[in-house]
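Below is one structure, written out as structure tokens, with a few remarks after it.
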Amino acid sequence: MAFNACVALPLTDSQLFLVSSMRVCSGFRSSVACNLRFRRVKGDAVSIGSRFRNFGVARAKGQKIEDHSLLDDSMDNTDDEQVGDVRPKVPERDFTGTAYVPVYVMLPLSVIDMNCELVDPEDLLNQLSILKSANVDGVMIDCWWGIVEAHAPQVYKWSGYRRLFQMVRDLKLKLQVVMSFHECGGNVGDDVHIPLPQWVTEIGETNPDIYFTDREERRNTECLTWGIDKERVLKRRTAVEVYFDYMRSFRVEFDEFFQDGIISEIEIGLGPCGELRYPSYPAKHGWTYPGIGEFQCYDKYLMNSLSKAAEVRGHLFWGRGPENAGSYNSAPHEIGFFRDGGDYDSYYGRFFLNWYSQVLIDHGDRVLALANLAFEGTGISVKLSGIHWWYKTASHAAELTAGFYNSSNRDGYATIAAMLRKHGVALNFTCFEMRTVDQYEGFPEALADPEGLVWQVLNAAWDACIPLASENALPCYDREGYNKILENAKPLHNPDGRHLSVFTYLRLGPVLMERHNFQEFERFVKRMHVYKCTFYQTDDFDSSSIQFQEKQFQIQMQYEQKLHYSRGDGWVKLRLGVLSHLDRLYFLRVCPMSITYNVVKAARRKGEDKAKRAALEGNQGGARRSKPLKEKERTKLRERHRRAITARILAGLRRHGNYNLRARADINDVIAALAREAGWVVLPDGTTFPSRFQGSRPAGGTSAAITSSSSHLVSQLTPPGSLRGVSPGHRTSVDYNSCRMKGVFIPNPSPYDLSASTQSQTPGMVGEGREQTESDPRDGGSMNTINDKQIVDIPPIPKLPEQDFAGSPFIPVYVMLPLGAINMKCELVDLDGQLKQLKVLKSANVDGVMVDCWWGIVEAHAPQEYNWNGYKRLFEMVHELKLKLQQPPFSGTPLHRLFMIISIHVDVGGMEEDLKLLKLSRSSALMKGLSSRCHAFQGLTVCEGRGSIHLGNVGDDVCIPLPNWVAEIGRSNPDIFFTDREGRRNPECLSWGIDKELVLRGRTAIELMYVYFDYMRSFRAEFDEFFEDGIISMVEVGLGPCRELRYPSCPVKHGWRYPGIGEFVCYDKYFLKSLKKTAEARGHPFWARGPDNAGSYNSQPHETGFFCDGGEYDGYYGRFFLNWYARILVDHGDWLLGIHWWYKTSSHAAELTAGLYNPCNHDGYAAIVAMLKKHRAVLNFSCSELWTVDQQVDFAEAHADPEGLVWHVLNAAWDVGIPVAGENALPCYDRVTYNKILDNAKPLSDPDGRHFLSFTYLRLSPLLMERQTYMEFERFVKRMHGDAVLDLQGNSIEMV
């Protein structure tokens, strides 16, 4: 099928109108075809994917976008006929004045035959001449290893390539040359077969392990396995040596072309299709899009490498590939390895994927090191494949099998970019022409996001300061695709003016040489080269007049006499000098041999002459005869228009409204989803009723009644999360759609949307009475039919056996004393009552207690005047009970209200030495003061934790301000406190911006550290006997609000309520000064500001322009600001709060405002644990008692995942080898919560036996002392100690 349209060109009066009809083949998409078929004009870039929030014309990364004009499409009525507005005009972005980006064209695969001879040189010369006339900079050619070194080792034949290179030089074009060490054929776009060298295949016949191998032992002969890089299996040479000899021969053979600058770049083939990846999705083995592919590591060489890595890791049984990774065409949620909470994120999975991806990086490192030797002085590049399918899932399964370890909270491309930077190599990336919306329309089940992937790789390369090149992944012939390439090649408003170093078009062929396609390509080249191109609309003229057609025919005949025909490829090339006055019209360089005269009007106008219209549209028929055809076409257009809008509405509901709609959803699905969101129950047959309905069914029902309680109905509407601890199943695994996806969060489906197989795989949940159950009640339920109505039967809830912790590692348990144990006069409050409570704790074998030593109490009135009376009496009491003292946090700088906690540890035989915990300050400039503090506590390690005032936060029941003399400074200079955007001060702790400011009695914060040193030295002298006797075992220094290393971004005193995202608190003048200096150093002074659209304390991410999907948090400015904001925190300290709400969104807004730069494509805790490892500190993390299922039930809108966060932080710490301590974030008194803490403290099946260093219970209270709660607490302590326990009966304990 073909569409015809006409183009009018406005010329001068002396020039005639030239009209050309454009024939668009249905097999290739073009701007015209897209507009007619999809009723969509995308302008510069339009997407509903994760990079953009709404439909519209794309602006700079992260900026707001305008509503797409398609939303205002109208249907006009003309003479009782409905006519659609087919294509509204959307202005294109003007690239005039932008950077020059060279454009190369890849030559056909068959340009050199197997005898290394040039094929059809005359035709190739004509095509190269046409490319030259379009100002193309050069061409790319594959130098095939299977052709050049085909018959014998180190016997090279370059004759065909020499002739080709000479032809290119004569046309004054440049060359990009690919060192192709792979096989051609069997992949998308391959039209020839070029095998590996014959002598290599002969080796492969006797030793097939030289090829990549999948789990079923199918060999992939496309390229050699990386396992033989150092194995001498290729005629006494290693694979790396073979590659080097080949590259060195090429460099010597074509030295003159290097000297003359004809060869501008060498691309090193590092894998299948010349790309650095595993051949994980070979079409020859049955793979079809969007299958996840398979791991390719089962040849004996890679398996040997895996076995050695497992042995070094200490787990020989890990020397195997995954057994549950599915097949080539599996989907992630179908298999155990890649599903949400699957083995990919388990202990073994993390080990395997680290090894698998490291083999890929090591291969690139080895080959590029030799390539730099062979091609010294010439630019080198490496190509990466754009694996965009399944990008919006947590596992990124297709990327993992290809060797890119890019799952959630990991940037798999940063390590590759770092390796390329080491060798000064450019990164060449594909899929620059793809749009997320197109992928969704074609394969919605693939959850693809090419735009999100491109944005991630762009930033990974530019952050590493390496050149970035690109090429299209699939053939591209239409303006829409070219515009997308231009947008990525020259990002709008890029503050650094960064752009592609070069673009290579894939590939030269007959389709590109068709007139209309070449017109668009030539226009694209000019825009890449900065030339201004006029955009001509196809409906700027009245094409209905007979005079117009006659004039068109006259012009055609006039110029056909002056055309030089090139019959070989059916193209016409204008002689020089002909039509020179029209040279400004880009598409007149190449014309078709014939021009179609049937022109279809792009728009209708009222009052048009029907006879003229019929003469234009019909070949010989009249208006009456053509009317049915016109009506049919209009109907098709209207239906396509409606379907396109419906698809966009559904996509918007899925991504931005969190509706779980199936791929082929209709209006019934939408209504059902809305009803369920409103709290109604919708059965599969459509029966709908309120979730809390008691009694008979609504009107229309029969005698059937609902026997289940309303509580059961409510529980059915809320899918549970995983109840397992820190183990491979730590995360919510109800359904793979509930995982943390990059760029999108899809909530759990209604229970009535789950298939039987899905329900059967649903993990356990917490039942009523906080009893653990084996599974969700609906798993075992049945759907019975009574009078054509379905009734849900809820089975009884069985008890889940508890894990036996007898014989497990000993973990000390400490209890934090009440905040008001010491009053503002530094006197011990209720001595007898506290002594009684300490004895009760002692009877439960608690290892110690923790008490707050407040800076605002001890040094309240004047600097260096200390009052320790109350603490001395408390310490003596503890000493009499034969307990040990732990000294948590001293504030290491005057930036906080010091919150000193003294932890009292019991001397336990299992502890070889006193706990030594280090929590250090925020920069090397503070190390001098820190050294002094360490000197004050010789024999101990200072833990610089968190200092704060306890007022206005959850659980605070007393008010302890900062010292009076500090408060006086704050009254005259409120900028010493953290400040939000509205100018509200937070006196909870001091701003980190005053480190080097002379604002504290004539001293900077760093200088004031010596005041803290005096404070701590005073403590050391006052309680010397407790240090000498080993009673005090740990000293910790506070670093932020509530003792936590975070910004005070969610203060209750300013109106924050869970699950608000909080606010950035960097608006005191000292922080803004620091931000200004950083922005100026970055070269963008206008960035010296806080975000303007980050919402308020109780906003939700999708409500703000900064945190919404595709918001500014991931834009140029957002990335700069968040890096600065987080760096200050990382430099500042080392204690972490568990900010788990909004963890399942792409931005992680609550973590960002708290200073933890942990969005979905970045590991925000890696930098923190690296700092802790540097100082040999312990990471103390909270929220180890929280369940994801509870968050989903109580605050479903918060998208919280405390289990996923705990698992993330634990692995971040243990991966770098630092100890982890824990405490509960909220009070806990029941067995279910204690079991959760135990599961996290002693992970099930941890192959390394890792566990918490200690656990601190928050906090001693009258409720804990109640009989039943104390029984559960005592049982918990025994299990933490590794003792065997029996269920405690009500009469087995006599309370003190």
Side-chain angles (χ1 to χ4, degrees), residues 62 895-896 922 948 953 974-994 1039-1042 1044-1079 1082 1084 1086-1108 1111-1133 1136-1137 1139 1141-1143 1145-1159 1162 1164 1167-1168:
L895 310 180
H896 315 68
R922 58 187 173 283
S948 69
N953 290 307
D975 282 293
I976 68 173
F977 301 122
F978 283 102
T979 308
D980 62 20
R981 186 172 184 82
E982 291 73 26
R984 289 171 291 197
R985 314 292 181 174
N986 191 331
E988 187 176 356
C989 52
L990 299 181
S991 168
W992 303 335
I994 63 173
L1039 290 173
C1042 300
E1044 295 155 352
L1045 178 57
R1046 65 172 175 89
Y1047 289 85
S1049 59
C1050 45
V1052 175
K1053 66 181 71 176
H1054 289 167
W1056 175 86
R1057 294 295 182 271
Y1058 180 85
I1061 62 174
E1063 289 192 19
F1064 293 110
V1065 284
C1066 58
Y1067 292 93
D1068 61 81
K1069 65 182 180 182
Y1070 304 107
F1071 260 133
L1072 292 177
K1073 181 180 177 181
S1074 171
L1075 179 58
K1076 181 179 179 181
K1077 289 182 179 179
T1078 306
R1082 184 69 169 77
H1084 308 298
F1086 54 90
W1087 279 355
R1089 57 178 175 80
D1092 299 323
N1093 55 349
S1096 59
Y1097 285 110
N1098 293 313
S1099 297
Q1100 297 188 7
H1102 61 273
E1103 299 172 346
T1104 67
F1106 193 83
F1107 298 114
C1108 70
E1112 288 187 14
Y1113 80 92
D1114 201 24
Y1116 299 111
Y1117 160 73
R1119 291 167 62 88
F1120 158 80
F1121 174 80
L1122 293 174
N1123 271 302
W1124 167 80
Y1125 194 68
R1127 175 47 54 188
I1128 289 180
L1129 177 141
V1130 171
D1131 291 343
H1132 179 71
L1136 298 179
L1137 165 73
I1139 300 180
W1141 54 103
W1142 304 114
Y1143 187 80
T1145 61
S1146 58
S1147 63
H1148 292 217
E1151 291 173 275
L1152 296 186
T1153 58
L1156 306 171
Y1157 190 12
N1158 192 51
H1162 189 274
I1168 295 175

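Index from 1, following the sequence. Given the structure is predicted, the values throughout are model-derived calculations rather than measurements.
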For L1122 and F1064, what are the C-alpha separation, side-chain angles and deciding distance, and is it a side chain to side chain contact (heavy atoms under 4.5 Å, CB included)?
CA-CA 10 Å; L1122 293 174; F1064 293 110; 3.8 Å; yes
Does a side-chain heavy-atom distance below 4.5 Å link Y1058 with C1050?
no
For the CG atom of N1158 and the CG atom of L1152, what is their distance to the nearest 0.5 Å?
8.0 Å
What pair of heavy atoms forms the shortest contact from G1090 to R981, and how long is it?
O-NH1, 3.6 Å
Under 3.5 Å: donor-acceptor pair, side chain of R1046, backbone of E1151
no
Nearest 0.5 Å, please: how far is CH2 in W1124 from SG in C1066?
4.5 Å
Between Y1125 and F1121, how do the two ring planes meet: parallel, tilted or perpendicular, split at 30° and 60°?
parallel
Which atom pair, heavy atoms only, marks the closest approach of P1101 to S1147?
CB-OG, 4.1 Å
Report yes if some heavy atom in the side chain of L1129 is under 4.5 Å from a heavy atom in the side chain of Y1157; otherwise report no.
no
Would a distance-only check, ignoring hydrogens and angles, find a side-chain to backbone donor-acceptor pair under 3.5 Å from Y1113 to P1159?
no
Inter-residue atom distance D980.CG - N986.CG, 0.5 Å rounding:
8.5 Å
If you look at every heavy atom in T1153 and G1062, which pair is closest and at what distance?
CG2-O, 3.8 Å
I need the H1162 NE2 to N1123 CG distance, nearest 0.5 Å.
6.0 Å
All heavy atoms of C989 vs all of G1040, minimum pair found to be SG-C, 4.4 Å
Write out all pairs satisfying salt bridge (charged side-chain N to carboxylate O under 4.0 Å, His left out) with one or both partners inside residues 1058-1069, taking only residues at least two apart or from two chains.
R984-E1063
I'd like to know whether V1052 forms a side chain to side chain contact (heavy atoms under 4.5 Å, CB included) with R1057, so could you lay out the CA-CA distance, the side-chain angles of the two residues, the decisive distance to 0.1 Å, and finally the verdict.
CA-CA 7 Å; V1052 175; R1057 294 295 182 271; 3.3 Å; yes
Provide the closest heavy-atom pair for C1108 versus T1104 in the form atom of the first, atom of the second, distance.
CB-O, 3.1 Å
In Å, rounded to the nearest 0.5 Å, how long is the span from CG of L1075 to CZ of R1082?
13.0 Å
Has H1054 got a side-chain atom pairing as donor or acceptor with S1049's backbone, closer than 3.5 angstrom?
no
Centroid separation under 6.0 Å, is that true for the rings of F978 and F1071?
yes
For Y1117 and F1106, take the angle between the two ring planes, folded into 0 to 90°, and tell me which bin it lands in: parallel under 30, tilted 30 to 60, perpendicular over 60.
perpendicular
Interatomic spacing from OG in S1096 to CD1 in I1061 - rounded to 0.5 Å:
7.0 Å
Closest non-hydrogen atom pair, Y1070 against I994:
CD1-CG2, 3.4 Å
